[in-house]
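These numbers come from a predicted model, not from an experiment. In what follows, every heavy atom counts, from backbone to side chain, and hydrogens, waters and symmetry copies are set aside.
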Amino acid sequence: MAGLALLESLALGDHICWTVGDGDVRLDSLTALVEAGLGLGHRVLYCGDDGGEVFGAFERRGVAAGEAVAAGDLRVAPIGSSYLARGVFDHGAALGFLRREIDDARRSGYPGLRLISDMSWAGRPVPGAERLPGWEAQANMIFAEGYALGVCAYDPQAFAAARLRELARAHPGTAGADAPFDPDSILRMRRTGQPFGMRLEGEADLSNAPALSAVIDHLLDSPPGPDATVTINVDGLRFVDTAAARILLTAADRAAGRLRIAGRSPALGRILDVHGKRRTAAAR
């Protein structure tokens, strides 16, 4: 399928901002995502104002969408019952919707959930939509559990360039019509239980700093015990810039001895040391 190469390397736990304006590419890619998910036994949830159109596109492209819906494997939810209950974007309600869908998929025995959202509604003057970047960043704490995959489709023609950049930075990764998803260049964050914390892979930089910050903040706010240590394993990072280093240092300051950075490379160690010394000097 023509759109498959754009998103074929996605894995459970990923959360990407997908900028796509071409209708055929969009529908080809969505169909490929649905086919791949159904083939792996995942539940697929599509949220959008155009559910009927997309459902028909799946059928025309060879997906037995009707059978999948009847079996519960594919769900098509309108924006009014997902992101915009009562016509307003409510930050907490939207997170609750995501959590309920994940919990229901788990109870139903699915090994994973693929959430595909058409975010065109956010380009309209919707009450509460100004909080969407914060929601996208905080949603990463749920995706980092590794059970759900999230693809947020943004039409670049519906958003100002600065707004689209803000939304993209709230995601750990991006993809576009001219920029296929590259698993080596995004940030992959996965929660760990033993030890309590998170494993980071890929690249942590300015392009995904809000996503990283939100997940680390959540970890520090939800330890399993009052004296528990949060461990962030960074040995899978291939690149870290100063923005990510500052987030780690700020988290270390806030944790007051309860944060451990494991597996750091000599290069990351040097960045942290340099910025740590600068912060100490500035505080004097």
>> For R106, is there any backbone N or O sitting under 3.5 Å from a side-chain donor or acceptor partner on D103?
In response: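 Side chain of D103 to backbone of R106: no pair is present.
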Residues [X], [Y]: salt bridge by 4.0 Å N-O rule:
X: R26; Y: D155; value: no
X: R188; Y: D14; value: yes
X: R61; Y: E35; value: no
X: D104; Y: R75; value: no
X: R131; Y: D90; value: no

> Same hydrophobic cluster for L33 and Y154, using side-chain heavy-atom links shorter than 4.5 Å among ILVMFWY?
Replying inline: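 L33 and Y154: separate clusters.
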> Is there a path from V34 to Y110 through hydrophobic residues (I, L, V, M, F, W, Y) whose side chains come within less than 4.5 Å of each other?
Replying inline: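 No, it is not one cluster - the side chains of V34 and Y110 are not joined through contacts under 4.5 Å.
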>> Quick check on E130: does its CD atom have over 12 non-hydrogen neighbours (other residues, nucleotides or ligands) under 6.0 Å away?
In response: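 Atom CD in E130 is packed in, count exceeds 12.
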>> The criterion is side chain to side chain contact (heavy atoms under 4.5 Å, CB included); which residues satisfy it with A252, sequence neighbours excluded?
In response: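 Only L259 meet the side chain to side chain contact (heavy atoms under 4.5 Å, CB included) criterion with A252.
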> Which of parallel (below 30°), tilted (30 to 60°) and perpendicular (above 60°) describes H15 and H171?
Replying inline: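 If you compare the ring of H15 with that of H171, the planes turn out tilted.
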>> Are R254 and D217 packed together at the side-chain level, in the sense that at least one heavy-atom pair is separated by less than 4.5 angstrom?
In response: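 Sidechains of D217 and R254: in contact.
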>> Any heavy-atom pair between the side chains of F143 and L115 that's under 4.5 Å?
In response: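 Yes, side chains in contact.
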